[in-house]
Trainee: 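To start, I am sharing the structure in question, which I have written as structure tokens.
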Number of protein chains: 2
Amino acid sequence: MANSPSGDSMVHRLVRVIEAFDGEHRTLSAAEIARRADLPTSTAYRLVDELLAESLLDRDGRRLRLGTRLWELVSRGSKVLGLREAALPFMEDVQSVVGHHTVLGILDQNEVLYIERIGSNSSTINITKVAGRLPVHATSTGLVLMAFGPADAQETFLRRRLPRYTDTTTTNPDELRRRLAEVRQMGFCVMTGAIVPESTGVAVPVFNAEGTAIAGLSVVIPRAGGPLQTSISALQTAARGISRALGWDGTLRDAIRRSL
Amino acid sequence: MANSPSGDSMVHRLVRVIEAFDGEHRTLSAAEIARRADLPTSTAYRLVDELLAESLLDRDGRRLRLGTRLWELVSRGSKVLGLREAALPFMEDVQSVVGHHTVLGILDQNEVLYIERIGSNSSTINITKVAGRLPVHATSTGLVLMAFGPADAQETFLRRRLPRYTDTTTTNPDELRRRLAEVRQMGFCVMTGAIVPESTGVAVPVFNAEGTAIAGLSVVIPRAGGPLQTSISALQTAARGISRALGWDGTLRDAIRRSL
DNA sequence: CACACATTCCCGATCATCGGGAATTGTTTC
DNA sequence: GAAACAATTCCCGATGATCGGGAATGTGTG
């Protein structure tokens with residue numbers, strides 16, 4: 001059976017090609033793409049040609065990189081850019097008060113995807129990366145997103161097997177349920193050393209018009225015990241500002257929530 | 001000749017689908033995609049299915065949006081994110097001194113592509129958009145990129161027919177050549193009302209290790225005549241900072257340039 | 001110069017893609 | 001609530017774009 005096309009779809013191959021590029025491999029040669037995407041040589045070369053023709057890849061000599069046109073297309077249409085732009089000014093406010101890393105994350109495929117970060121360029125360990133992912137159960141952002149997010153997401157989340165990172169990582173479903181309830185009651189989440197010790201996250205939800213959390217805003221501070229209350233109120237003010245900037249005036253809903 | 005596949009490649013169709021989404025159309029139904037991408041209905045539906053399978057599209061009821069996974073993949077591998085992250089802190093510095101819109105742009109396909117903007121949320125008309133394009137010859141950012149960019153780009157640029165936007169837009173090749181020389185000599189570019197009247201751009205180049213401009217940093221101010229010198233030195237300090245942050249220590253080159 | 005590797009080019013077989021059409025479901029409108 | 005309209009899903013045969021092995025050529029390296 002000599003020339004049989006492999007079963008997977010064209011799109012999937014393209015994804016593999018794009019996935020071949022990452023933070024450590026911003027430029028690749030065609031042969032490297034073939035290897036990393038596990039494609040037959042000639043197939044890889046043909047795909048690269050097609051992508052070049054559409055400017056989805058840029059060529060510099062024999063090195064290839066993801067095209068800026070691709071970034072442009074995706075950014076224009078994705079909701080990420082809008083969210084990021086709405087949030088940035090408020091994140092700066094938080095930053096000026098709290099002074100450590102300020103991070104914005106959303107829920108995607110049962111993980112936290114970080115879409116923006118501004119940081120004092122030294123202070124704390126920066127485990128969060130823009131366009132990077134972390135597990136829901138081990139991050140403060142993850143828990144607020146889960147606590148105030150859509151109900152169906154919570155179900156599937158609690159049904160999954162969760163990995164431990166340090167001895168303070170909570171993986172037990174019942175305990176997580178308890179923590180989620182707590183977060184819902186308090187309106188924020190503090191989590192210490194669930195992935196790396198000596199690093200505390202404080203997160204609050206950013207609500208949409210329906211009152212579901214669509215993003216989590218958080219600060220990462222060196223250790224617990226600082227003036228938490230200051231951070232929390234700065235975060236909450238900012239979160240409300242972001243909602244308003246996005247045209248989701250949460251005032252009414254907030255009032256209801258508070259009066260309960 | 002009933003069922004003949006249309007001539008264009010798969011990738012091109014996918015691009016058309018992605019292009020169907022933009023700032024005004026962040027969510028589309030499958031039928032809208034078919035119309036906007038000019039695809040036969042059943043083809044569009046099949047493509048949408050494939051894209052959903054790879055999470056390149058997200059589905060919300062019957063509305064579709066560009067998947068955050070797509071944004072993630074592209075951002076991770078693209079040089080844009082790195083540049084943006086390196087630049088942001090310095091842009092904030094500029095912002096705090098100058099107080100109007102501060103913008104970062106790069107050259108792509110003979111146009112200026114803006115990749116970051118921070119702005120006083122009211123002051124000036126914001127013609128620049130993140131992930132938006134403007135022509136080279138009518139923007140200050142465009143001219144610095146051209147003046148200090150790779151030589152071959154200049155050739156093709158000057159050979160092209162250029163549109164006028166206002167009566168101050170420079171389209172004459174010889175005059176442009178003169179302006180480019182001027183920019184090279186001064187080290188910055190000031191341009192007033194070349195696209196919309198009453199809006200002045202001031203731009204400086206951000207150099208890479210080889211001494212070619214890879215980005216243009218600029219501020220947009222309401223009208224000419226303000227304390228230009230302040231803006232320019234703020235921009236230049238920032239630009240040097242960005243180069244350094246990217247690991248391209250421009251000190252040596254700057255010294256050479258200055259001593260000429 | 002020899003060797004390894006990257007890149008380009010060629011080509012026949014195969015099967016995923018194409019798109020018309022019809023059936024089904026959902027949404028407006030009067 | 002019924003009719004008119006649009007959106008979505010499903011089916012299926014014909015077609016040609018895609019597949020990938022292989023050979024030739026280019027590039028760099030010790």
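Lettering follows sequence order; numbering is per chain, from 1.
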Trainee: Under 3.5 Å, is there a donor-acceptor pair between the side chain of A/Arg36 and the main chain of A/Ala20?
Mentor: yes
Trainee: With 3.5 Å as the limit, what N/O pairs link the protein to nucleotides 22-26 of chain C?
Mentor:
unit_1	atom_1	unit_2	atom_2	d
C/dG26	O3'	B/Arg62	NH1	3.1

Trainee: Salt bridge or not between A/Arg84 and B/Glu116? Use side-chain N to carboxylate O under 4.0 Å.
Mentor: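 Looking at B/Glu116 together with A/Arg84, the answer is yes, because their closest N to O distance falls below 4.0 Å.
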Trainee: Answer whether the closest heavy-atom distance between the side chains of B/Leu56 and A/Leu14 falls below 4.5 Å.
Mentor: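 Result no, sub-4.5 Å side-chain heavy-atom pair not found.
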Trainee: Whole Å only: how far is the CG atom of A/Leu47 from the P atom of C/dT8?
Mentor: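 Rounded to the whole Å, the gap is 14 Å.
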Trainee: Please give, in whole Å, the distance from D/dC19 C1' to A/His12 NE2?
Mentor: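 Nearest whole value for this atom pair: 17 Å.
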Trainee: If you take atom types as modelled and just measure distance, does the side chain of B/Thr41 reach the base of C/dG19 with a donor-acceptor pair under 3.5 Å?
Mentor: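 By the distance-only test, no, there is no pair.
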Trainee: Examine D/dC19: is either OP1 or OP2 under 4.0 Å from a nitrogen or oxygen in the side chain of A/Arg46? Give yes or no.
Mentor: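 Checking A/Arg46 against D/dC19: at least one side-chain N or O falls below 4.0 Å of OP1 or OP2.
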Trainee: Select from A/Arg59 and A/Met10 the residue whose nearest nucleotide in DNA chain C is closer to the 5' end of that strand.
Mentor: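 The residue whose closest nucleotide sits nearer the 5' end is A/Arg59.
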Trainee: Should A/Thr43 be listed as having a side-chain N or O under 4.0 Å from OP1 or OP2 of D/dG20?
Mentor: yes
Trainee: Atom CZ of A/Arg63 to atom P of D/dG28: distance rounded to whole Å?
Mentor: 13 Å
Trainee: Is there a donor-acceptor pair closer than 3.5 Å between any side-chain N or O of A/Ser75 and the backbone N or O of A/Glu72?
Mentor: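 No, the answer is negative, given that no donor and acceptor are paired below the 3.5 Å cut-off.
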Trainee: Hey, can you pull the residues of residues 26-38 of chain A with a non-hydrogen atom under 4.0 angstrom from DNA chain D?
Mentor: none
Trainee: Are any of B/Tyr45's side-chain N or O atoms less than 4.0 Å away from OP1 or OP2 of D/dT8?
Mentor: yes
Trainee: Just by distance, do the side chain of A/His137 and the backbone of A/Pro163 share a donor-acceptor pair under 3.5 Å?
Mentor: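 Yes.
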Trainee: Distance check needed: C/dT8 P versus A/Glu50 CD, whole Å only.
Mentor: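 Atom CD in A/Glu50 sits about 15 Å away from atom P in C/dT8.
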Trainee: Using modelled atom types and a 3.5 Å cut-off, is there a donor and acceptor pairing between side-chain atoms of A/Arg59 and backbone atoms of A/Gly61?
Mentor: yes
Trainee: B/Phe207 vs B/Phe148 aromatic rings, parallel, tilted or perpendicular, using cut-offs 30° and 60°?
Mentor: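 The arrangement is perpendicular - the two ring planes meet at more than 60°.
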Trainee: Using a strict cut-off of less than 4.0 Å between a Lys/Arg side-chain nitrogen and an Asp/Glu carboxylate oxygen, indicate whether B/Glu32 and B/Arg62 qualify as a salt bridge.
Mentor: no
Trainee: If only atom types and distance count, is the side chain of A/Arg117 paired as donor or acceptor with the main-chain N or O of A/Thr128 below 3.5 Å?
Mentor: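 Yes.
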Trainee: Whole-Å distance between C/dT7 P and A/Leu57 CG?
Mentor: 13 Å
